[in-house]
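For reference, the structure discussed in these notes is given below.
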Amino acid sequence: MNSTPEKPTVSSLKASIERVTSVHRWTDKLFSFRTTRPAGYQFTPGQFARLGVVSGEEILWRAYSITSAADDNELEYFLVQVPGGQFSEQLKNLKPGDPMLVEKFSYGFMTTERFVDGEDLWMLATGTGLGPFISILQDPTVWQKFRNLILVHCVRNADELAYQELLASLPFRPQLAVGGARLQLLRATTRDTRVAAGNLQGRITGLLADGTLEAAAGLDISVEKSRIMMCGNPEMITATRELLHQRGLRPCRRTVPGQFVTEDYW
Ligand SMILES: Cc1cc2nc3c(=O)[nH]c(=O)nc-3n(C[C@H](O)[C@H](O)[C@H](O)COP(=O)(O)OP(=O)(O)OC[C@H]3O[C@@H](n4cnc5c(N)ncnc54)[C@H](O)[C@@H]3O)c2cc1C
Ligand SMILES: NC(=O)c1ccc[n+]([C@@H]2O[C@H](COP(=O)([O-])OP(=O)(O)OC[C@H]3O[C@@H](n4cnc5c(N)ncnc54)[C@H](OP(=O)(O)O)[C@@H]3O)[C@@H](O)[C@H]2O)c1
């Protein structure tokens, strides 16, 4: 998905130059930032934008999930600083007012529109794979479409459990609450020596395989009821897909409805 650097040419017109409006640092490696929204920019929660930064004589492009709500007048993203990463290193000292190229189109198929039925929406995220679910969970139609919304966020250490306040506040937004769904937030850490009360310990794959996630949510994962979205580490997605396959769940295809959709970050 990541593209090679590009000389700034007329093809840059596929994007508009937006401005960073705010930067929030969660940890020394994790941060969110907001930009102005390109005129007429449309996206469906779960999709990603392609952002560009000028590096010397080149423009670097990378994909970033949009975390803001579809009706927000800005766009927001949640990133990790990859050590030595060409693009993310460029954003180390990002500040309000900085320029950011934003491609005019949004991309991606990890949206809830892909599910034609189902009662329980499971959202499984590692690290910054949380991002698209922040947008999806601010969509009132999702709270109407499903009876249960279960967000599972797995990180190395508890300080990386970002967006907790926003997530906890969602059931109190009248436009979401009216949909009637119940939101459950399941947090897991893998490298904490002492696990905070209420958090799970272990990788999503292990917690799914041994039944911990279903027990914690009080819900079974089944072909009939469960619809599952997975985002983040590609190895987590490959292994989880295999576990779901063993239980009879299938990916959504263009013409064949299924039970899960995925977004690999690399
Ligand atoms: C569809 C899509 C959506 C994406 N959305 C996001 C997002 O919302 N937030 C975000 O931080 N990144 C996201 N990414 C990854 C992003 O595009 C970049 O790859 C990332 O910012 C690192 O870029 P880089 O040039 O610094 O390093 P790269 O050279 O691109 O990556 C170096 C290595 O870093 C690791 N890596 C890259 N991204 C991540 C990540 N997010 N978490 C953990 N390890 C990673 C991988 O091992 C990768 O091989 C997304 C990627 C895709 C394909
Ligand atoms: N997060 C940090 O504090 C930190 C520190 C130094 C460098 N980095 C670098 O930053 C980048 C992103 O790190 P990240 O922690 O956000 O993302 P990550 O490495 O994908 O880890 C996020 C979560 O996914 C889990 N995970 C990893 N592989 C998995 C698999 N195959 N199956 C199931 N779960 C899996 C991890 O568990 P495990 O802990 O068991 O792997 C962790 O809980 C990486 O390039 C990393 O080297 C991050």
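Just so you know, these numbers come straight off a predicted model, no measurement behind them. In each ligand, atom 1 is the first atom listed, and ligand 1 is the first ligand listed.
Proximity of a side-chain donor or acceptor of R19 to a complementary backbone N or O of G97 within less than 3.5 Å is detected. Remark: side-chain polar atoms of D139 are not paired, donor with acceptor, to backbone N or O of I136 under 3.5 angstrom. Of the possible donor and acceptor atoms, one in the side chain of N233 sits under 3.5 Å from a partner among the backbone N and O of E235.
Of the heavy atoms in F78, only backbone atoms (N, CA, C, O) come closer than 4.0 Å to ligand 1. At a heavy-atom distance under 4.0 Å, only backbone atoms of D264 (N, CA, C or O) approach ligand 1. The backbone and the side chain of Y265 each have at least one atom closer than 4.0 Å to an atom of ligand 1 (non-hydrogen atoms only). Contacts between L79 and ligand 1 below 4.0 angstrom, taking non-hydrogen atoms only, involve backbone and side chain alike.
Side chains of S106 and Q47: a donor on one and an acceptor on the other come within 3.5 Å. Under 3.5 Å, the side chains of Y41 and S16 contain no donor-acceptor pair of N or O atoms. Side-chain atoms of T126 and Y265 form no donor-acceptor pair, as typed in the model, at a separation below 3.5 Å.
Screening D117, D120, T112 for a side-chain hydrogen bond (donor to acceptor under 3.5 Å, both in side chains) with R227, the sole residue that qualifies is D117.
The closest side-chain heavy-atom distance from D72 to R34 is below 4.5 Å. By the 4.5 Å heavy-atom criterion applied to side chains, L130 and E160 are not counted as neighbours. Inter-residue side-chain proximity for L219 and Q184 is flagged as met; some heavy-atom pair is nearer than 4.5 Å.
When hydrogens are left out, the protein atom nearest atom 23 (C) of ligand 2 is C154 O, 3.6 Å; that is the closest non-hydrogen contact. The nearest heavy-atom contact from the protein to atom 32 (N) of ligand 2 is M236 CA, 3.5 Å. The protein heavy atom nearest to atom 45 (O) of ligand 2 is V82 CG1, 4.0 Å. Taking atom 35 (C) of ligand 2 as the reference point, the nearest protein heavy-atom neighbour is R203 NE, 3.5 Å.
The aromatic rings of F78 and Y163 lie perpendicular to each other, with more than 60° between the two planes, well past the 30° mark.
Y64 and F33 have their aromatic ring centers separated by at least 6.0 angstrom.
Between R156 and ligand 2, a contact under 3.5 Å exists for at least one N or O pair. At a 3.5 angstrom cut-off on N or O pairs, S65 counts as close to ligand 1. Geometrically, ligand 2 and E160 share a nitrogen or oxygen pair separated by less than 3.5 Å. Polar contact with ligand 2: absent for Q81 (N/O pair, distance under 3.5 Å). Between K29 and ligand 2, a contact under 3.5 Å exists for no N or O pair. For V82, no nitrogen or oxygen atom sits less than 3.5 Å from a nitrogen or oxygen atom of ligand 1, counting backbone and side chain alike. Of the N or O atoms in V80, one or more lie within a sub-3.5 Å distance of an N or O in ligand 1.
The distance from ligand 1 to the heavy atoms of Q86 drops below 4.0 Å at these ligand atoms: 24 (P), 25 (O), 26 (O), 27 (O). Near W266, the atoms of ligand 2 lying under 4.0 angstrom from a non-hydrogen atom of the residue are 20 (O). In the vicinity of V155, heavy-atom distances shorter than 4.0 Å reach the ligand 2 atoms 42 (C), 43 (O). Per-residue contacts place P83 under 4.0 angstrom from the following atoms of ligand 2 (heavy atoms of the residue considered): 7 (C), 9 (C), 10 (O).
Proximity annotation for atom 38 (P) of ligand 2: of T240, L208, T190, I204, T190 comes nearest, heavy atoms only. For atom 25 (C) of ligand 2, the candidate residues are T238, N157, T126; the nearest heavy-atom contact is made by T126. Comparing G84, G127, A63, S55 against atom 13 (C) of ligand 1, the shortest heavy-atom distance belongs to A63.
Under a 4.0 Å heavy-atom criterion, Y64 is in contact with ligand 1.
Nearest heavy-atom pair, A209 versus L243, reported as atom, atom and distance to 0.1 Å: CB-CD2, 4.1 Å.
One finds no salt bridge joining E263 and R114 here, because no Lys/Arg side-chain nitrogen approaches an Asp/Glu carboxylate oxygen to under 4.0 Å.
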